[in-house]
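Letters A, B, ... mirror the listed sequences (proteins, then strands); counts begin at 1.
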Number of protein chains: 2
Amino acid sequence: MTAQPIRVLLVDDQPLLRTGFRMILEAETDIAVVGESGDGEQAVADARALQPDVVLMDIRMPRVDGVQATRQITGAARETAPRVLVLTTFDLDEYVVEALRAGASGFLLKDVPAEDLVTAIRTVSRGDAVVAPSITRRLLDMFASRFPAADSPTPANLAHLTDREREVLTLVARGYSNAEIAAELVVSETTVKTHVGNVLTKLGLRDRVQAAVYAYESGLVQPGAL
Amino acid sequence: MTAQPIRVLLVDDQPLLRTGFRMILEAETDIAVVGESGDGEQAVADARALQPDVVLMDIRMPRVDGVQATRQITGAARETAPRVLVLTTFDLDEYVVEALRAGASGFLLKDVPAEDLVTAIRTVSRGDAVVAPSITRRLLDMFASRFPAADSPTPANLAHLTDREREVLTLVARGYSNAEIAAELVVSETTVKTHVGNVLTKLGLRDRVQAAVYAYESGLVQPGAL
DNA sequence: TGCGGTCTCCACCGGCAGGAGGATCCCCGC
DNA sequence: GCGGGGATCCTCCTGCCGGTGGAGACCGCA
């Protein structure tokens with residue numbers, strides 16, 4: 001397909017499994033297994049030395065586990081870093097989320113059919129991502145639960161606020177005092193207090209702390225936006 | 001494969017596209033197209049009337065868009081509700097996230113190969129999820145960025161807090177007053193004030209509002225957990 | 001045994017927040 | 001033209017919050 005074959009590094013603590021994967025992959029002309037690692041520590045070193053395009057990584061391993069290894073491999077040089085395709089025996093949420101944060105480009109169950117594995121490696125090497133269907137299901141569920149609903153970001157009450165009030169609310173949710181908000185908006189502190197008071201009344205809240213919480217819970221402001 | 005074929009409802013405002021999909025799907029013995037809808041409003045009605053297993057939903061449509069329609073279709077009876085497989089022309093983040101929240105079970109680009117579409121429908125009807133690789137990439141990126149890192153939830157400072165202090169902080173982040181926290185923890189308000197004061201000092205914050213914000217930003221508490 | 005850390009509690013005080021009540025200005029729609 | 005809503009500003013007052021300083025009890029570790 002391409003002139004240069006896809007360079008793959010196999011990482012698994014079971015030599016037998018590595019051999020199995022190697023046989024599957026070497027049957028493909030566009031894929032070349034450039035190395036094998038028996039634990040996470042070695043995987044990190046090998047990834048650095050061999051510069052593979054894709055790392056096929058078992059998640060459960062001695063010494064440094066797959067998540068740690070993934071973090072170190074993907075964390076180095078974001079652009080040129082190898083893509084990590086994580087293999088799990090079971091679709092444990094725990095590991096999946098962790099590996100995700102660590103920068104993995106995909107997740108497959110170990111019982112994946114040979115042809116799917118090959119396809120996945122090609123997909124990942126292109127820069128896209130692959131997730132086993134059953135795991136995808138869980139990811140979507142997590143996503144959905146974490147962002148409660150599409151209209152809850154504007155739970156009726158929030159819509160009743162004026163633009164200015166909403167503006168003040170977001171500043172409250174950043175920990176600003178009334179004086180600071182006043183300075184930010186170039187108005188008097190009294191005005192700010194009026195707005196804050198209106199917000200509290202309209203939303204049925206007691207104090208600015210609850211207002212800040214409300215801002216986060218409603219999606220008006222989001223973590224990381226700071 | 002199964003005794004009962006998978007019942008599919010096609011939703012797209014372009015009749016030509018519907019016809020194309022119908023031809024592809026009817027070639028499969030285990031899939032039966034039970035209806036077609038030209039807009040979101042009709043789709044919701046048809047889904048109710050025809051009780052399909054899978055709804056193939058275009059996201060951009062007149063009247064009621066695909067996201068709205070998805071929400072209404074999946075929202076009804078969570079268990080028996082049809083699975084919604086969303087089709088997008090481009091991999092627009094906007095729509096994907098919205099559809100996700102709305103309860104979609106999958107996303108495919110419209111240029112998907114026929115065989116992949118068929119496979120996806122089977123996968124979704126099983127209760128699993130399918131996402132096009134390029135979209136999966138974006139989802140994973142969003143996920144990673146939303147949960148910055150594995151250790152950032154404990155940004156050093158948070159680790160300096162005692163268990164009790166962390167406990168108090170989470171309650172502050174729920175909008176509780178000192179008196180309420182005292183009642184909750186069955187201690188005197190004085191004690192609570194001490195803890196809160198310690199938290200503020202240790203984290204370098206000014207007041208409980210900033211503490212609440214910090215709790216959200218650090219990941220100690222998360223939206224939706226309320 | 002003694003030290004340090006944590007949790008618990010108290011009194012006192014200054015300050016900002018939030019409620020009540022009223023006021024002006026501007027813009028928009030009837 | 002007139003009413004209504006929004007934004008702006010003011011004063012007075014109450015109360016909770018947060019800071020300071022101090023103290024006793026418990027636990028674990030040296």
Is the phosphate of C:dC10, meaning OP1 or OP2, less than 4.0 Å from a side-chain N or O of B:S188? yes

Within this structure, what is the CD-to-P distance between A:Q210 and C:dG18, rounded to whole angstrom? 10 Å

Value for CZ (A:F107) from CD1 (A:I59), rounded to nearest 0.5 Å, stands at 6.5 Å

Pairwise 5' ranking along DNA chain C for B:K193 and A:N198, keeping only the more 5' one: B:K193

Quick check on side chain to side chain contact (heavy atoms under 4.5 Å, CB included): which of A:V55, A:V8, A:L50, A:D53 does A:P82 satisfy it with? A:V55

Once you round it to whole Å, what is the distance between C1' of C:dT6 and CZ of B:R166? 13 Å

Classify the nucleic acid contact of A:T191 as base, sugar-phosphate or nothing, counting any heavy atom under 4.0 Å across all strands shown. base

Could you give the CZ-to-P distance, from A:R164 to C:dC26, as a whole number of Å? 17 Å

Just to be sure I understand the rule, does B:S177 reach a base, reach only the sugar-phosphate, or reach nothing, if contact means heavy atoms closer than 4.0 Å? sugar-phosphate

How many Å lie between CD on A:E189 and P on C:dC16, as a whole number? 8 Å

How far does CD1 of A:I181 sit from CG of A:L171, to the nearest 0.5 angstrom? 5.5 Å

Could you give the start and end, 5' to 3', of the contact zone on DNA chain D for chain A, using atoms under 4.0 Å from its heavy atoms? D:dG6 to D:dC10

Is a salt bridge present between B:E180 and A:R206, judged by a nitrogen-to-oxygen distance below 4.0 Å? yes

Whether B:R83 side chain and B:S125 backbone form a donor-acceptor pair below 3.5 Å: no

Spacing of A:L205 atom CG relative to C:dG18 atom C1', expressed in whole Å: 13 Å

If only side-chain N and O atoms of B:H195 are considered, is one of them under 4.0 Å from the OP1 or OP2 phosphate oxygen of C:dT8? yes

Can you find a side chain N or O atom of B:T162 that sits less than 4.0 Å from OP1 or OP2 on C:dC7? yes

To the nearest Å, give me how far apart CG (B:L185) and C1' (C:dC9) are. 15 Å

Nearest-0.5 Å distance that lies between atom CG in A:L203 and atom CD in A:Q210: 10.5 Å

Treating A:R208 as the side-chain partner and A:Y176 as the backbone partner, does any N or O pair qualify as donor plus acceptor under 3.5 Å? yes

